[in-house]
Engineer: 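This structure is in structure tokens; I'll ask about it shortly.
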Amino acid sequence: MVPVYSARRILVTGGAGFLGSHLCERLLAAGHEVLCVDNFYTGRRANVAHLLDDPRFELMRHDITFPLYVEVDQIYNLACPASPVHYQFDPVQTTKVSVHGAINMLGLAKRRKARILQASTSEVYGDPEVHPQSEDYRGNVNPIGPRACYDEGKRCAETLFFDYHRQHGLEIKVARIFNTYGPRMHPNDGRVVSNFVVQALLGRPLTVYGDGSQTRSFCYVDDLIEGLVRLMESPSDITGPINLGNPQEFTILELAELVRELTGSRSEIVFRPLPQDDPVRRCPDITRARTLLGWEPRTPLREGLERTIAWFDRLLAGREGERLAKEGMAS
Ligand code: NAD
Ligand code: UDP
């Protein structure tokens with residue numbers, strides 16, 4: 001490989017997860033050294049197994065709610081379960097990883113004078129009353145509901161990032177990520193795209209919560225990673241928050257129908273109760289990302305879904321498929 005003179009040693013927390021593994025890959029391809037830190041709560045060694053032979057890649061098992069002393073030049077803080085099913089399983093731990101984890105990573109960034117990026121979320125807007133959501137909208141979060149551990153945890157992390165920036169002059173970047181999908185989502189992830197694709201491929205009913213009229217805007221993983229890297233590499237006065245997501249909005253029922261069409265599945269669509277505080281509409285205003293980063297998503301939903309379906313198809317053809325068939329997953 002041609003040497004890259006601006007090569008850095010970059011920490012990716014949550015690097016064995018869905019987004020983190022794609023980010024590690026992307027940073028290695030750009031010539032950097034990557035330290036991937038993960039406690040494998042929702043992430044998997046398999047997601048980064050193909051990187052382990054690269055001498056510039058290091059995998060460390062560590063829970064970021066505990067301090068970490070490593071020598072790095074940049075930090076992407078992604079560690080946190082992202083699916084409602086997983087972040088609500090142990091809500092206290094979710095708040096801890098969001099808040100204590102952020103404090104630990106900010107402390108590390110301060111000691112190392114490292115630039116740090118926070119993977120924040122569209123969930124900071126809660127069930128939004130403003131549409132589409134721009135970054136100056138302050139949100140409508142229920143602070144005592146079942147989603148609060150994640151929403152409020154991420155809001156507090158944003159507060160900490162901006163306080164470290166004002167108080168200690170830290171170089172920060174805050175990305176508000178909207179629903180992202182693609183290969184390496186965990187088949188038991190519980191999020192809507194992986195659920196529908198796995199259900200359709202296994203010939204099981206597609207579980208639409210509520211009447212399916214709620215909307216989401218789905219961003220393909222490669223587009224999202226490009227946005228994260230552009231934000232990290234942007235001039236230091238660009239702190240964010242910046243929305244990163246696809247502004248094309250779909251109802252959940254439209255998504256179910258599209259997945260059925262693309263998989264050629266005969267699965268029926270069944271309706272299940274809508275979870276409490278499930279946001280009714282969600283769609284990013286990405287004017288800031290377009291203007292400041294020259295970024296916008298390129299992959300249409302149909303194309304991204306085709307790639308995602310092909311990946312799950314291969315996964316399910318192997319041992320994972322046998323296991324899921326036995327467990328009756330996603331039914
Ligand atoms: P994911 O669950 O696949 O990845 C999260 C990773 O963090 C996993 O590898 C998990 O094992 C690890 N982790 C959890 N707790 C940890 C801890 N205490 N210490 C170390 N590692 C820990 O989820 P994802 O979709 O890849 O999300 C990554 C980040 O992006 C999260 O912070 C999430 O909040 C944010 N985000 C994702 C989306 C999305 O649609 N994918 C949307 C908004 C925000
Ligand atoms: N959803 C659904 N069926 C599923 C999983 C999710 O209808 O099997 C709905 C969920 O109620 C929500 C939307 O799909 O309205 C997106 O859910 P997801 O968990 O993917 O992410 P969220 O945006 O809610 O964090």
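Ligands are counted one by one from 1 in listed order, and the atoms in each one are counted from 1 as well. These numbers come from a predicted model, not from an experiment. Excluded from the calculations below are hydrogen atoms, water molecules and symmetry mates; all remaining heavy atoms, backbone and side chain alike, are included.
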Engineer: Is there a side-chain contact between Glu226 and Arg26, using heavy atoms and a 4.5 Å cut-off?
Structural biologist: yes
Engineer: Report, in ascending order of atom number, the atoms of ligand 1 lying under 4.0 Å from any heavy atom of Gln93.
Structural biologist: 18 (N)
Engineer: Tell me the contacting part of Leu206 for ligand 2: side chain, backbone, both, or neither, using a 4.0 Å heavy-atom threshold, strictly below.
Structural biologist: neither
Engineer: Heavy-atom distances under 4.0 Å decide this one: backbone, side chain, both or neither, for His186 against ligand 1?
Structural biologist: neither
Engineer: Mark the output for Gly190 as yes if a heavy-atom distance to ligand 2 is under 4.0 Å, and as no if none is.
Structural biologist: yes
Engineer: Under a 4.0 angstrom heavy-atom cut-off, which atoms of ligand 2 come close to Glu123?
Structural biologist: 25 (O)
Engineer: So which of Gly43, Ser120, Ala82, Cys80 gets nearest to atom 5 (C) of ligand 1, if we judge by its closest heavy atom?
Structural biologist: Cys80
Engineer: Tell me which protein heavy atom sits closest to atom 11 (O) of ligand 2, plus the residue, atom name and distance to 0.1 Å.
Structural biologist: Asp278 OD2, 2.7 Å
Engineer: Should the proximity of Ile252 to ligand 2, defined as any heavy atom under 4.0 Å, be assigned to the side chain, the backbone, both, or neither?
Structural biologist: side chain
Engineer: Side chains of Glu249 and Thr215: any donor to acceptor distance under 3.5 Å?
Structural biologist: yes
Engineer: Could you state the interatomic distance from CD (Glu257) to CD1 (Ile269), rounded to the nearest 0.5 Å?
Structural biologist: 5.0 Å
Engineer: Quick check on contacts: which atoms of ligand 1 are under 4.0 angstrom from a heavy atom of His62?
Structural biologist: 19 (N), 20 (C)
Engineer: Give a yes or no on this: more than 12 heavy atoms of other residues, nucleotides or ligands lie within 6.0 Å of atom CZ of Arg111.
Structural biologist: yes
Engineer: Take the angle between the ring planes of Phe218 and Tyr181 and call it parallel below 30°, perpendicular above 60°, tilted in between.
Structural biologist: perpendicular
Engineer: Out of all atoms in ligand 1, which are within 4.0 Å of some heavy atom of Asn179? Include the element for each.
Structural biologist: 40 (O)
Engineer: Taking NZ, NE, NH1 and NH2 as the nitrogens, is one of them in Glu25 or Arg56 under 4.0 Å from a carboxylate oxygen of the other?
Structural biologist: no
Engineer: Do Lys113 and Glu171 sit within salt-bridge range, that is, some charged N less than 4.0 Å from a carboxylate O?
Structural biologist: no
Engineer: With a cutoff of 4.0 Å, is Gly101 in contact with ligand 1, counting heavy atoms of the residue only?
Structural biologist: no
Engineer: In the protein, which heavy atom is nearest to atom 40 (O) of ligand 1, and how far is it?
Structural biologist: Thr180 N, 2.8 Å
Engineer: Would one find an N or O of Tyr150, backbone or side chain, under 3.5 Å from an N or O of ligand 1?
Structural biologist: yes
Engineer: Of all the non-hydrogen atoms in the protein, which one sits nearest to atom 18 (N) of ligand 1, and at what distance?
Structural biologist: Asp63 OD1, 2.8 Å
Engineer: Salt-bridged, Asp73 to Arg112, with N to O below 4.0 Å?
Structural biologist: yes
Engineer: Which atoms of ligand 1 are found less than 4.0 Å from any heavy atom of Lys154?
Structural biologist: 31 (C), 32 (O), 33 (C), 34 (O)
Engineer: Check each atom of ligand 1 against the heavy atoms of Val97 and keep those under 4.0 Å away; list them by number with element.
Structural biologist: 15 (N), 16 (C), 17 (C), 18 (N)
Engineer: Can a donor-acceptor pair be found between the side chains of Asn179 and Arg282 at a distance below 3.5 Å?
Structural biologist: yes
Engineer: Suppose we measure from atom 43 (C) of ligand 1 to each protein heavy atom; which comes out shortest, and what is that distance?
Structural biologist: Ile177 O, 3.1 Å
Engineer: Counting only N and O atoms by type, is there a donor-acceptor contact under 3.5 Å from the side chain of Asn246 to the main-chain atoms of Pro297?
Structural biologist: no
Engineer: Looking at atom 1 (P) of ligand 1, what's its closest protein heavy atom, distance included?
Structural biologist: Thr42 OG1, 3.7 Å
Engineer: Checking the N or O distance criterion of under 3.5 Å, is ligand 1 in contact with Asn39?
Structural biologist: yes
Engineer: When only distance counts, is Tyr41 in polar contact with ligand 1, meaning an N/O pair under 3.5 Å?
Structural biologist: yes
Engineer: Just let me know how Lys96 lines up against ligand 1, side chain, backbone, both or neither, with a heavy-atom cut-off below 4.0 Å.
Structural biologist: neither
Engineer: Among Val192, Val270, Leu255, which residue places a heavy atom closest to atom 14 (O) of ligand 2?
Structural biologist: Val192
Engineer: Answer with side chain, backbone, both or neither: which part of Arg191 has a heavy atom less than 4.0 angstrom from an atom of ligand 2?
Structural biologist: both
Engineer: Taking 4.0 angstrom as the limit and counting only heavy atoms of Arg147, give me the atoms of ligand 2 inside it, by number and element.
Structural biologist: 22 (P), 24 (O), 25 (O)
Engineer: Determine whether the side chains of Glu152 and Thr95 contain a donor N or O and an acceptor N or O closer than 3.5 Å.
Structural biologist: no
Engineer: So between Thr121, Ile64, Asp38, whose heavy atom ends up nearest atom 12 (C) of ligand 1?
Structural biologist: Asp38
Engineer: What part of Phe40, side chain, backbone, both or neither, has a heavy atom within less than 4.0 angstrom of ligand 1?
Structural biologist: backbone
Engineer: Does ligand 1 have any atom sitting under 4.0 Å from a heavy atom of Leu78?
Structural biologist: yes
Engineer: Looking only at distance, does Gln199 have an N or O less than 3.5 Å from an N or O of ligand 2?
Structural biologist: no
Engineer: So does Glu71 have more than 12 non-hydrogen atoms from other groups sitting under 6.0 Å from CD?
Structural biologist: yes
Engineer: Side chain, backbone, both or neither: which part of Arg272 comes within less than 4.0 Å of ligand 2 when only heavy atoms are counted?
Structural biologist: neither
Engineer: Which is it for Arg281 and ligand 2 at heavy atoms under 4.0 Å: side chain, backbone, both or neither?
Structural biologist: neither
Engineer: Taking all heavy atoms of Ile10 and all of His32, pick out the closest pair and write down the distance.
Structural biologist: CD1-CG, 3.6 Å
Engineer: How far is atom 37 (C) of ligand 1 from the closest protein heavy atom, and which atom is that?
Structural biologist: Leu19 CD1, 3.7 Å
Engineer: Counting each atom of ligand 1 from 1 as listed, which ones have a heavy atom of Gly14 under 4.0 Å away?
Structural biologist: 6 (C), 7 (O), 9 (O), 12 (C)
Engineer: Short N/O distance, under 3.5 Å, between Ala79 and ligand 1?
Structural biologist: no
Engineer: Can you list the ligand 1 atoms lying under 4.0 Å from a non-hydrogen atom of Gly17?
Structural biologist: 3 (O), 4 (O), 8 (C), 9 (O)
Engineer: Give a yes/no verdict on whether any heavy atom in Pro84 is under 4.0 Å from an atom of ligand 2.
Structural biologist: yes
Engineer: Hey, can you tell me if Phe18 and His22 have their rings parallel, tilted or perpendicular (30° and 60° cut-offs)?
Structural biologist: perpendicular
Engineer: Working to the nearest 0.5 Å, report the span between CD of Gln88 and NE2 of His86.
Structural biologist: 11.0 Å
Engineer: Answer yes or no for Arg191: is there a heavy-atom contact with ligand 1 below 4.0 Å?
Structural biologist: yes
Engineer: Could you measure the distance from the CG atom of Asn104 to the CG atom of Leu108? Nearest 0.5 Å is fine.
Structural biologist: 9.0 Å
Engineer: For the atom pair OH (Tyr220) and CG (Leu305), what is the distance rounded to the nearest 0.5 Å?
Structural biologist: 9.5 Å
Engineer: Note the single closest protein heavy atom to atom 3 (O) of ligand 1, along with its residue, its atom name and the distance in Å.
Structural biologist: Phe18 N, 2.9 Å
Engineer: Heavy atoms only: give me the nearest Asp189-Arg191 pair and the separation to one decimal.
Structural biologist: OD1-NE, 2.6 Å
